[in-house]
Amino acid sequence: YRFSKLVGPAGMVYSMDTKQQHIDFLNEFININHITNITPITSKIDDICLDKKADYAFMCSLYHIIYGVSSEPQRSALITSIKKGLKPGGKFVIVDNGPVADNQLPYHGPYITREMIIFQLAYYGFELESYEQIIPQRYMLTFKWNGN
């Protein structure tokens, strides 16, 4: 919804999920709110199923799951599909949970170090553009895809 407002009426937001129940909820939400610039897509665990080129890809609280439960071929195929879906110079933004010191309250759920993601995406050809520590438990990484 916020990305829809950000891109405005001339832009388009493609929202992917592997669970049809989530896509159904999103379809109901956009219909009730008369939103015309969000296109829900039922994706696969190894393919975002986007046949367009986008300026940005965004993943929140998901990379640690992909890393933890996907096989290397599934993870590789998923990242390849994200690369195929990005325009040259496109950005891939990941927000996820990081480990914290013993005396800090952890964010809910599992975590993954930012260094692991940075090294993996460098392997896949992404260039780290920026890093932000949102709160002690959450970080945001922005990568650039040069299209090579």
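Values below: every heavy atom of this structure, side chains too, minus hydrogens, waters and symmetry copies. Computed from a predicted model, the values in this text were never measured in an experiment.
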Look up atom [atom1] in [X] and atom [atom2] in [Y], then write down how far apart they are to the nearest 0.5 Å.
X    : Y   : atom1 : atom2 : value
L121 : K83 : CG    : NZ    : 9.5 Å
I82  : L78 : CD1   : CG    : 4.5 Å
I79  : I66 : CD1   : CD1   : 6.5 Å
K144 : K91 : NZ    : NZ    : 5.0 Å
T18  : I41 : OG1   : CD1   : 13.5 Å
I94  : L62 : CD1   : CG    : 9.0 Å

Check whether any side-chain heavy atom of [X] lies under 4.5 Å from a side-chain heavy atom of [Y], and answer yes or no.
X    : Y    : result
Y56  : L86  : no
M140 : S130 : no
Y139 : D96  : yes

Next item on the list: Hey, can you tell me if F126 and F92 have their rings parallel, tilted or perpendicular (30° and 60° cut-offs)?
Entry: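 If you compare the ring of F126 with that of F92, the planes turn out tilted.
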
Write down the atom of [X], the atom of [Y], and the distance for their closest heavy-atom approach.
X    : Y    : result
I23  : P40  : CG2-CB, 3.9 Å
W145 : Y124 : CZ3-O, 3.7 Å
M12  : I38  : SD-N, 3.8 Å

Notebook entry, point to check: CZ of F25: more than 12 outside heavy atoms within 6.0 angstrom?
Noted result: no

Notebook entry, point to check: For Q21, does the CD atom have more than 12 heavy-atom neighbours from other residues, nucleotides or ligands under 6.0 Å away?
Noted result: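 No - once you tally the heavy atoms of other residues, nucleotides and ligands closer than 6.0 Å, there are 12 at most.
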
Co-membership, hydrophobic cluster, residues [X] and [Y], 4.5 Å side-chain:
X    : Y    : result
V93  : Y131 : no
M116 : I134 : no
I118 : I112 : yes

Checklist line | N27: side-chain hydrogen bond (donor to acceptor under 3.5 Å, both in side chains) partners, not counting sequence neighbours | finding: none

Side chain [X], main chain [Y], donor-acceptor under 3.5 Å:
X    : Y    : result
N97  : Q137 : no
N37  : S4   : yes
T80  : S76  : yes
Q74  : S71  : yes
Q133 : I135 : yes

Item checked: Partner set under ring-ring contact (aromatic ring centres under 6.0 Å, His included) for Y67, not counting sequence neighbours -> none

Note to self: Determine whether E129 and F143 satisfy the following criterion, side-chain contact (heavy atoms from CB on, under 4.5 Å), listing intermediate values before the conclusion.
What the structure shows: CA-CA 5 Å; E129 198 167 79; F143 296 90; over 6 Å; no

Item checked: Pairs meeting criterion side-chain hydrogen bond (donor to acceptor under 3.5 Å, both in side chains) with involvement of residues 38-53, two or more places apart -> Q20-T42

Margin query: Please identify which of these residues, Y14, F3, Y63, meets the ring pair (Phe, Tyr, Trp, His ring centres under 6.0 Å) condition with F58.
Written below: F3

